[in-house]
Each structure stands twice: as C-alpha cells, then as structure tokens.
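Working notes, beginning with the structure itself.
Count residues from 1 along the sequence.
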Amino acid sequence: MKVTTAALPLLPLFQRLLPGLPGLPGLPGLPAVPGLPDLAGLPGRLTGLSLTLLKASALEAAILAGHLLLYPSGIIQERRPAQVPRPTDDRDPQPSPPPPRLPAPVSPPVVLVHGFIDNRSVFLLLRRRSLAQHGRHEIESLNYSPLTCDIRTAAELLGRHIEEICERTGSERVDVVGHSLGGLIARYYVQRLGGDLRVRTLVTLGTPHSGTKVVPLANAHPIVRQMRPGSAVIEELTWPAPGCRTRFVSFWSDLDRVMDPLETACLDHPDLSVENVRVSGIGHLALPVHPTVATGIRQALDTAGPETAEETGTETGKRSGGLTVA
C-alpha cells in the first residue's frame, strides 16, 4: 500500500518541530546524538507552531489510518453493468440486430483514477457524498495494477476503459478526476493519445505536472522515475497540444509535501485551457476526501468549459482560484 509515502502526512510537522531531520532526536537529560537536533527546545517550537499545520497533520494521519482500513475493499476491479446478450436463432441466417444503446445521460459519466500504489477506495467519499448525491449517476473507477511500470501503458488502459464506457452509456464524452499519479496518467491520455476527443473536463488533485523530487529512495520504481522533473514523460507533456478540447482544473495544496516543489501541482501549458485552484489548510491525502474540496470538484465538473479556443473565439489560457479549508 503506501509503502514509500506512509510517513509523508506528518513530514511537515516533524520538519517544523525537529529542524535538521532526518535523524533521531536526543532526549532531555540524555546525551544528544552528535549532528542531530535535541528536544530541549521543543516546547518553544510547539508554542510557535502553526495551528493550521497541526490540524492538517492530524487530518492526514487520520485519513491515512482510515484509508488503510478501506484499502482491501478497493483491490478488486468494480463490477461493470452486464451486457445484454444478443439473441440468436440457428434457423435465421441473418444476424440479429445489436441491442439499442442507452440514451446519453444529461451529464457525462465520471471516471475516477487513483494514485500511486493505491486503488479506487480513495474515492469512496467523493463518489457517494459529492457526486452521486448531486445527480452524477454514471460514476466508474479505474484500477490499474501497482506493478504498472509505465505511465504510457496506464494511459492506454484508461483510453480503452473510457471507450468501453462511452459505448455502453451512449455518451460521446466523459469527465475524469485523477488523484496524484492518476491525474498524470489522464493528462497523458488527453494530450498524447488523442483523449481530448473523449474527455470534456479533467480535474487533477495533487498531480505532479512538472515532476516531483520527493522521496528519492523511491526511484527504484520505474513509474516514480517517470514522475521526476525532466523525465521523458514529463518532457512529452510540455510538447505543443494545439486545439486540445479538454478543459483542465488542477487542485493543489500549500501543505502537500508529496509535491516538491509545491507549485509542481499547478498546470502551466500555453495550449491548454487551465484553471489552477489553490487549496489552503490540508495535505495530499485529504484532497480527494475533504468535503470542501469535493464541493469544488463537483462545481468544476458542472461548469461547462469551451470545446476549443477556436469554437468559442477566446484564447486558451490559465485562470486561478482558491479554497481555504478551516
């Protein structure tokens, strides 16, 4: 599960309390370990510690604990609606007509794409409390294997999944919400594999659009190396994407320690229609869970964006917004 990032929710708190990490602090009354911080000044640091940081760290820890409990429930790929079998008659040489497609829904289906070494359980609250209760009835999650070693391969899998959804529902387009790595996979599908024909709006949550430098030891995993600044995949996403039909909304948090630097979760591309939304007061794990962010996601999906800059007569550009979580 969260093997390499399990301690990250509390990292900003530890860094403020114990400057000079990594290391183990000495205890009061005992000899301090040379080169490592001492706890003698801890009370003073606690006094000046940001209440927002304390709340965010406690929330991240609680979300991590809850998600570890829910993780097994999301390991298995969710069940797809059964296809209606085509009737056959051995006496009739003419094939039976295919069953009628379902009428296109008022709102496009929503596809949820999880992050690194995670699964669809991370979207449980977003799916039930924010989307389903507000009229989004076609919601599906994509589980890709934690053994997936290439963002391009995962993007192709997402494309096949979206094509199947469109065929089954009769919808021409879908909306996509991607958390962390999931947002990068969806963006690659949109920009590099022609997915802008199918994806109306792509919402990313804490996605390293420019690459993240966090947890260098995780480089043993190939897909982590692809999320590093300057990787071939990150470079491909900077290439021109003229006429891209997809609208992008990128939520990024000022306390997201999985993003290094923080601004890597902002999307900046001259050919894309982008709205960057800064979230203040929560960390990486809380982005797909917190009700305030969930409301922002739903509003982003419910706001119709331009199909292309040429069709609307406006320039493709970047907007900014903000959410403050108390």
Side-chain angles (χ1 to χ4, degrees), residues 104 107-113 115 140 142 144 150-167 169 171-211 226-227 229-252 263-278 296-321:
S107 298
V110 180
V111 182
L112 308 174
V113 189
E140 297 197 22
L142 172 68
Y144 56 90
D150 184 52
I151 288 176
R152 303 175 186 89
T153 300
E156 291 173 358
L157 174 64
L158 174 62
R160 293 194 297 269
H161 184 68
I162 289 176
E163 288 296 329
E164 188 273 332
I165 291 174
C166 290
E167 176 65 24
T169 64
S171 178
E172 294 295 328
R173 310 195 78 186
V174 302
D175 291 333
V176 178
V177 179
H179 180 226
S180 196
L181 171 61
L184 206 60
I185 292 170
R187 182 183 167 194
Y188 192 93
Y189 165 64
V190 167
Q191 281 187 239
R192 306 300 307 153
L193 302 179
D196 62 313
L197 292 173
R198 288 297 192 191
V199 179
R200 186 188 68 160
T201 300
L202 171 56
V203 175
T204 65
L205 311 171
T207 290
H209 289 290
S210 302
Q226 291 184 335
M227 288 191 286
S231 74
V233 168
I234 297 298
E235 178 65 22
E236 285 182 49
L237 292 176
T238 66
W239 294 353
C244 182
R245 297 170 174 82
T246 299
R247 168 176 166 260
F248 295 81
V249 182
S250 177
F251 288 81
W252 67 284
E263 292 76 12
T264 190
C266 295
L267 178 51
D268 186 9
H269 193 292
D271 294 332
L272 303 181
S273 174
V274 179
E275 179 181 0
N276 288 308
V277 181
R278 174 175 175 169
I297 295 170
R298 175 170 51 81
Q299 292 173 346
L301 296 180
D302 289 344
T303 303
E307 293 294 308
T308 63
E310 291 80 2
E311 291 175 0
T312 59
T314 60
E315 294 184 1
T316 301
K318 181 174 63 175
R319 295 185 298 156
S320 298

Suppose we screen for side chain to side chain contact (heavy atoms under 4.5 Å, CB included). Which residues come up paired with S320, at least two apart in sequence or across chains? none

So do [Y] and [X] actually touch side chain to side chain, heavy atoms under 4.5 Å?
{"X": "D271", "Y": "C244", "answer": "no"}
{"X": "C166", "Y": "V174", "answer": "yes"}
{"X": "L142", "Y": "I185", "answer": "no"}
{"X": "L202", "Y": "R187", "answer": "yes"}
{"X": "Y189", "Y": "V176", "answer": "no"}
{"X": "L205", "Y": "V177", "answer": "yes"}

Counting N and O atoms only, with roles assigned by atom type, does the side chain of [X] sit under 3.5 Å from a partner on the main chain of [Y], one being a donor and the other an acceptor?
{"X": "R200", "Y": "R245", "result": "no"}
{"X": "Q226", "Y": "I151", "result": "yes"}
{"X": "T246", "Y": "V199", "result": "yes"}
{"X": "H269", "Y": "W239", "result": "yes"}
{"X": "T207", "Y": "L181", "result": "no"}

To check you understand the geometry: which heavy-atom pair defines the closest contact between [X] and [Y], and what is its length?
{"X": "T238", "Y": "E235", "value": "OG1-O, 2.6 Å"}
{"X": "L237", "Y": "Q191", "value": "O-NE2, 3.1 Å"}
{"X": "F251", "Y": "V249", "value": "CE1-CG1, 3.7 Å"}
{"X": "A155", "Y": "Y188", "value": "CB-CD2, 3.8 Å"}
{"X": "L197", "Y": "R173", "value": "O-NE, 3.5 Å"}
{"X": "T264", "Y": "G211", "value": "OG1-O, 2.7 Å"}

Derivation of the side-chain contact (heavy atoms from CB on, under 4.5 Å) call for W252 and L267: CA-CA 10 Å; W252 67 284; L267 178 51; over 6 Å; no

Could you tell me the separation between the [atom1] atom of [X] and the [atom2] atom of [Y], rounded to the nearest 0.5 Å?
{"X": "D302", "Y": "I297", "atom1": "CG", "atom2": "CD1", "value": "12.0 Å"}
{"X": "S180", "Y": "M227", "atom1": "OG", "atom2": "CE", "value": "6.5 Å"}
{"X": "E275", "Y": "T303", "atom1": "CD", "atom2": "OG1", "value": "8.0 Å"}
{"X": "R278", "Y": "E263", "atom1": "CZ", "atom2": "CD", "value": "8.0 Å"}
{"X": "L158", "Y": "R160", "atom1": "CG", "atom2": "CZ", "value": "10.0 Å"}
{"X": "L184", "Y": "H179", "atom1": "CG", "atom2": "NE2", "value": "13.0 Å"}

Who pairs with S250 by side chain to side chain donor-acceptor pair (under 3.5 Å), at least two apart in sequence or on another chain? T204

Sorted by chain and residue number, the side chain to side chain donor-acceptor pair (under 3.5 Å) partners of E163 (sequence neighbours excluded) come out as R198

